[in-house]
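I have a structure I would like to understand better, so I am pasting it below and will then ask my questions one at a time.
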Amino acid sequence: MGFVKCPRCELNYMQESDQYCSVCKREIKGEAKDEYLEICSVCGENPVYPSKDLCLFCLKEIGKSNETAMQGEGAAPSEEAAMALGAASNMDEITLDMEADIPPREFGEITRELSLEEAIEEEEAESDEEDENEQT
């Protein structure tokens, strides 16, 4: 027996004797898709909250313990969050110290590459101007 592509979805392979692939059969019958449920890494009992590694119960417990720890230190969570984000109202106010974050050798290579890009842009602009002058 050979395998052929499903005539409905044209993605999955099925045996020649079947009418549709197993995925299309499930969709046609209206059956739910078998989804793998991840279990919470902390309690090991409940399914995880979507896009997290913990269940809802454990997330709430950790949130409560973080709030009490912050209040014990004397700083409110909203103040600490505001200080972490800073008071920048737009991206223009944010400055980066590029030389501190990038090693000097790599920083020199980056600036050289940027200057080459600028030179290429200038050459293209000059050639465009020459083309316009020739057409007139």
Side-chain angles (χ1 to χ4, degrees):
M1 293 190 165
F3 287 97
V4 294
K5 280 192 175 182
C6 175
R8 183 171 180 259
C9 66
E10 296 181 353
L11 292 173
N12 301 314
Y13 286 91
M14 61 182 196
Q15 293 183 358
E16 291 176 344
S17 61
D18 293 338
Q19 188 176 6
Y20 298 111
C21 67
S22 60
V23 175
C24 290
K25 284 180 186 176
R26 270 187 268 138
E27 287 178 359
I28 292 169
K29 291 180 183 178
E31 294 177 1
K33 189 170 86 172
D34 295 336
E35 292 188 21
Y36 172 73
L37 291 176
E38 292 184 47
I39 303 297
C40 177
S41 60
V42 174
C43 66
E45 297 175 3
N46 301 320
V48 297
Y49 192 72
S51 73
K52 303 287 182 186
D53 292 332
L54 306 174
C55 66
L56 188 57
F57 179 75
C58 292
L59 285 171
K60 286 181 180 179
E61 289 297 317
I62 290 173
K64 288 178 185 177
S65 66
N66 286 345
E67 285 180 19
T68 57
M70 285 184 195
Q71 289 173 356
E73 293 173 0
S78 59
E79 292 175 13
E80 187 173 312
M83 292 182 72
L85 294 176
S89 61
N90 61 28
M91 292 300 291
D92 294 334
E93 295 177 9
I94 299 173
T95 58
L96 300 174
D97 187 12
M98 298 285 282
E99 292 180 15
D101 294 338
I102 302 172
R105 182 172 154 255
E106 290 179 19
F107 186 76
E109 291 175 8
I110 292 171
T111 55
R112 187 179 70 239
E113 288 175 8
L114 291 175
S115 63
L116 290 175
E117 289 175 2
E118 291 173 0
I120 292 170
E121 289 175 3
E122 289 175 4
E123 288 178 6
E124 289 175 354
E126 289 175 6
S127 65
D128 289 343
E129 288 177 10
E130 290 175 3
D131 291 342
E132 289 177 8
N133 291 337
E134 289 177 4
Q135 290 177 353
T136 57

(message) For Cys9 versus Cys21, what's the shortest heavy-atom pair and its separation?
(response) SG-SG, 3.9 Å
(message) Is any side-chain heavy atom of Phe3 closer than 4.5 Å to one of Glu16?
(response) no
(request) Would you indicate whether the side-chain heavy atoms of Lys25 and Ile28 approach each other to under 4.5 Å? (result)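 No; the side chains remain at least 4.5 Å from each other.
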(request) Would you mind listing every side-chain hydrogen bond (donor to acceptor under 3.5 Å, both in side chains) that reaches into residues 4-14, with sequence neighbours excluded? (result) Arg8-Glu27
(request) Please go through Val4's hydrophobic cluster and name the other residues, only I, L, V, M, F, W, Y counting, with side-chain heavy atoms under 4.5 Å joining them. (result) Met14
(request) Kindly compute the distance separating CD (Glu129) from OG (Ser127), expressed to the nearest 0.5 Å. (result)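 Answer for the CD-OG pair, Glu129 versus Ser127, is 9.0 Å.
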(message) Would a single hydrophobic cluster contain both Val42 and Leu59, if residues Ile, Leu, Val, Met, Phe, Trp and Tyr are joined by side-chain heavy-atom contacts under 4.5 Å?
(response) yes
(request) Quick one: closest heavy-atom pair of Ile62 and Leu54, and the distance? (result)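 For Ile62 versus Leu54, the nearest heavy atoms are CD1-CD1, 3.4 Å.
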(request) Can you measure from CD (Glu45) to SG (Cys58) and round to the nearest 0.5 angstrom? (result)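 Interatomic distance, Glu45 CD to Cys58 SG, rounded to 0.5 Å: 8.5 Å.
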(message) Please give me the minimum heavy-atom distance between Pro47 and Cys55, naming the atom from each residue.
(response) O-CB, 3.3 Å
